[in-house]
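Convention: sequence-line order gives letters A, B, ...; per-chain numbering from 1.
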Amino acid sequence: MSNNFFKILLKTDERLDLKQTLFSGQSFTWNFSALYSGYFANIIDNTIIFMREFETGIIEVLSNRKQINSLPINEFIFRYFSLEIDEIKVFSPKFKNEFPEVWRLVKPYESVRVMRQDPFEIMVTFMCAQGIGMHLIRRQVSMIAEHYGEKHVLDTEKGSMVLHGFPTPAALASAKVDELARCTNNNRIRAANIIQMARSFESGKLALACVSSGECDLETLRETLCAHSGIGLKIADCIALFGLGRFDAFPIDTHVKQYLWEWFSIEVASKSLTEKNYRIMQDEARKILGNEYAGYAGHMLFHCWRKEVKKMTSF
DNA sequence: CTCCAGGCAATTG
DNA sequence: CAATTGCATGGA
């Protein structure tokens with residue numbers, strides 16, 4: 001690995017399963033490194049980052065800058081993977097007692113962390129996630145980065161490597177619909193919605209909502225997000241959960257709806273996913289999972305359901 | 001061929 | 001209210 005990179009070894013006490021976390025469907029910008037097998041690569045805050053599991057319970061982080069988002073790398077990583085959250089708080093003793101079979105299945109996934117990712121990036125990527133498979137979402141996101149993100153060329157002893165950062169709000173705010181649509185599965189409506197959202201972010205309206213999202217009540221936050229065309233309840237909840245650190249937000253998609261019915265016998269989960277039913281389903285889920293970490297638990301269950309029950313492999 | 005993938009918004013009954 | 005349809009593509 002290039003010697004002008006800063007290297008950090010981070011002890012995680014096996015509370016972070018790096019691969020499962022990065023490829024559990026919450027992030028679409030991390031990739032397998034083309035030049036260095038075993039490493040995952042991404043760009044955050046104009047900083048190139050490589051990560052891998054160095055040995056059991058220890059993560060190796062390589063970066064070309066000492067700080068990310070004004071935090072020392074180790075502090076950033078700790079926060080990025082929400083390592084302050086204790087698994088025991090996520091699933092209550094009551095849950096483990098009442099649903100022993102589900103707990104047996106999901107326990108191996110307790111080292112899947114819900115990440116705190118960049119809000120704008122999450123808004124764009126989850127606006128790309130409607131009614132299509134994971135691989136198509138990933139393709140759209142990488143095309144958007146290639147066309148509108150800043151290009152980084154990294155020269156190493158193994159050759160040259162090209163990476164693209166995620167586009168800034170300004171870059172997407174000034175994009176043309178026809179051009180962006182080539183990156184969004186040829187969906188012009190989706191492209192136009194993303195441009196509109198980026199302009200709202202540029203204006204400061206959306207950006208401000210992100211700053212105050214921690215204290216804001218969830219319903220107010222959702223209203224602000226849903227005011228934008230292309231963002232409904234589900235995507236708003238995904239933005240809150242994965243981009244704003246709101247671990248109480250509980251997005252319900254086709255998979256979550258399935259496990260709510262199969263695992264917890266929530267009646268309304270067998271009916272159609274209308275807005276009214278969506279809200280009822282959330283209330284029922286909170287009774288079982290608790291409120292504070294409903295979404296955090298939900299993501300573990302989501303990943304577990306797809307892998308263990310549906311036997312899905314695409315991420 | 002049909003059906004379904006991390007939905008949303010507009011329209012119709 | 002609920003039910004239906006357009007949006008787009010690809011893999012099973």
Side-chain angles (χ1 to χ4, degrees), chain A residues 20-30 109 112 114-115 117 121-144 177-197 200 222-244 246 249-263 267-282 285 294-315:
Chain A
Q20 294 297 320
T21 297
L22 295 178
F23 294 89
S24 60
Q26 58 181 315
S27 177
F28 296 95
T29 54
W30 283 91
Y109 292 91
V112 173
V114 174
M115 298 153 67
Q117 301 178 76
E121 182 176 313
I122 290 296
M123 288 181 200
V124 176
T125 60
F126 278 90
M127 286 176 80
C128 289
Q130 300 175 16
I132 51 179
M134 290 276 195
H135 68 286
L136 269 181
I137 299 168
R138 193 169 277 279
R139 189 176 78 181
Q140 291 176 77
V141 172
S142 57
M143 283 181 76
I144 289 172
V177 174
D178 289 332
E179 204 178 296
L180 182 57
R182 289 205 290 271
C183 305
T184 58
N185 214 26
N186 291 320
N187 189 325
R188 293 169 49 82
I189 296 172
R190 179 174 302 160
N193 286 341
I194 289 172
I195 291 168
Q196 277 304 112
M197 184 279 290
S200 174
R222 292 206 290 193
E223 274 175 30
T224 307
L225 294 169
C226 289
H228 301 77
S229 186
I231 300 179
L233 278 180
K234 188 268 173 182
I235 291 177
D237 284 334
C238 283
I239 295 167
L241 179 61
F242 301 125
L244 300 172
R246 288 299 299 252
F250 188 84
I252 299 173
D253 60 39
T254 160
H255 300 291
V256 174
K257 180 172 176 290
Q258 286 170 27
Y259 79 60
L260 288 179
W261 171 238
E262 295 285 338
W263 281 345
E267 281 290 330
V268 69
S270 63
K271 299 178 182 172
S272 68
L273 191 52
T274 62
E275 180 175 339
K276 188 178 177 183
N277 286 346
Y278 186 98
R279 291 177 186 279
I280 298 172
M281 250 179 270
Q282 281 192 327
Y296 206 110
H299 185 67
M300 289 184 192
L301 293 167
F302 165 84
H303 187 52
C304 176
W305 171 262
R306 285 175 48 105
K307 284 202 70 170
E308 299 297 326
V309 181
K310 305 300 281 187
K311 308 293 182 189
M312 301 182 82
T313 52
S314 68
F315 292 98

From the list B:dA5, C:dG11, C:dC7, which nucleotide is the closest neighbour of the side chain of A:H135? C:dG11

Return yes if a side-chain donor-acceptor contact under 3.5 Å exists between A:S229 and A:Q196, otherwise no. no

Sort and list the pairs that fulfil salt bridge (Lys or Arg N to Asp or Glu O under 4.0 Å) and have at least one residue in residues 229-242 of chain A, not counting sequence neighbours. A:R222-A:D237

Rounded to the nearest 0.5 Å, the CE atom of A:M281 sits from the CG atom of A:L260 at a distance of 7.0 Å

C:dG10 and B:dC8, which share atom name P, separated by this distance in whole Å: 23 Å

When you compare the side chain of A:T125 with that of A:Q117, does any pair of heavy atoms fall below 4.5 Å? no

Would you mind classifying the nucleic acid contact of A:M127 as base, sugar-phosphate or nothing, using non-hydrogen atoms under 4.0 angstrom? nothing

Report, as a single string ordered 5' to 3', how protein heavy atoms within less than 4.0 Å touch nucleotides 8-13 of chain B: B base, S sugar-phosphate only, - not at all. SS----

Ignoring the backbone of A:T274, work out which of C:dG10, C:dC7, C:dA2 is nearest its side chain. C:dA2

Sorted by chain and residue number, the side-chain contact (heavy atoms from CB on, under 4.5 Å) partners of A:Q130 (sequence neighbours excluded) come out as A:R190, A:I235

Check step by step if side chain to side chain donor-acceptor pair (under 3.5 Å) holds for A:Q258 and A:T254. CA-CA 6 Å; A:Q258 286 170 27; A:T254 160; 3.2 Å; yes

Think A:Q140 has a side-chain N or O under 4.0 angstrom from the OP1 or OP2 of C:dG10? no

With rounding to the closest Å, how many angstrom separate the C1' atoms on C:dA2 and B:dA5? 24 Å

Check whether any side-chain nitrogen or oxygen of A:N187 sits under 4.0 Å from OP1 or OP2 of C:dA8, and answer yes or no. yes

Looking across every strand, which nucleic acid part, if any, lies under 4.0 Å from A:R190 by heavy atom: base, sugar-phosphate, or nothing? nothing

Under 4.0 angstrom between A:N186 side-chain N/O and C:dT9 OP1 or OP2: yes

Looking at A:R139, does any N or O in its side chain come under 4.0 Å of the phosphate oxygens OP1/OP2 on C:dG10? yes

From the set C:dA8, C:dA2, C:dT9, return the single nucleotide nearest to any side-chain atom of A:K276. C:dA2

Which word best sums up how the rings of A:F242 and A:F126 line up, parallel for under 30°, tilted for 30 to 60°, or perpendicular for over 60°? parallel

By the 4.0 Å heavy-atom rule, please label A:Q26 as base, sugar-phosphate, or nothing. base

Per atom distances to the A:I132 side chain, the nearest of B:dG7, C:dC7, C:dT9 is C:dT9

